[in-house]
Amino acid sequence: MQELDYAKMGTRIRQVRKAKGWSQERLAKKCGISLNFMGHIERGTRKMSMDTFANLCKELQTDADALLWGVTQPSETAMQGMWGRSDEADDESYSMYIRIMKSVADIMRSKDSFS
């Protein structure tokens with residue numbers, strides 16, 4: 001099992017927050033935590049509860065994998081839209097496409113763990 005790197009996770013949280021143009025204070029208020037604790041989270045010096053993590057994901061409108069591992073995995077609905085699936089005849093090729101994309105994500109994730 002891959003171990004969490006809280007400093008990298010904090011950096012990813014900071015990057016998403018800044019991309020939205022938000023201050024630490026704004027995100028902290030939205031998540032119901034102190035500004036001081038928000039700073040610790042972004043520096044990776046303190047661990048947060050699952051509730052706080054879920055609130056961060058919700059407020060930043062990002063999924064857990066993006067913040068935890070730096071890997072984004074589009075939702076099933078987004079994948080279907082991208083694939084352009086119009087009927088059930090495409091089920092087999094769509095399933096193959098999903099397996100290929102998951103394999104690529106796994107390879108990229110394992111490559112990051114060797115860095």
Problem set entry | Exercise: identify the closest heavy-atom pair between M9 and F53 | SD-CE1, 4.0 Å

Which residues share a side-chain contact (heavy atoms from CB on, under 4.5 Å) with [X], sequence neighbours left out:
X	result
S49	D51, T52
K18	R14
L4	Y6, L68, W69

Exercise. Does atom NZ of K20 have more than 12 heavy-atom neighbours, drawn from other residues, nucleotides or ligands, at distances under 6.0 Å?
Worked result: yes

Exercise. Would the number of heavy atoms belonging to other residues, nucleotides or ligands and lying under 6.0 Å from NZ of K47 be above 12?
Worked result: no

[X] side chain near [Y] side chain, heavy-atom distance below 4.5 Å:
X	Y	answer
V16	E59	no
D63	C57	no
T62	L56	no
R17	M38	no

Pairwise distance [atom1]([X]) to [atom2]([Y]) - rounded to 0.5 angstrom:
X	Y	atom1	atom2	result
L60	I13	CG	CD1	7.0 Å
L67	K8	CG	NZ	15.0 Å
Q24	I41	CD	CD1	9.5 Å
K58	C31	NZ	SG	8.5 Å

Problem set entry | Charged tip of K29 within 45° of W22 ring normal and under 6.0 Å | no

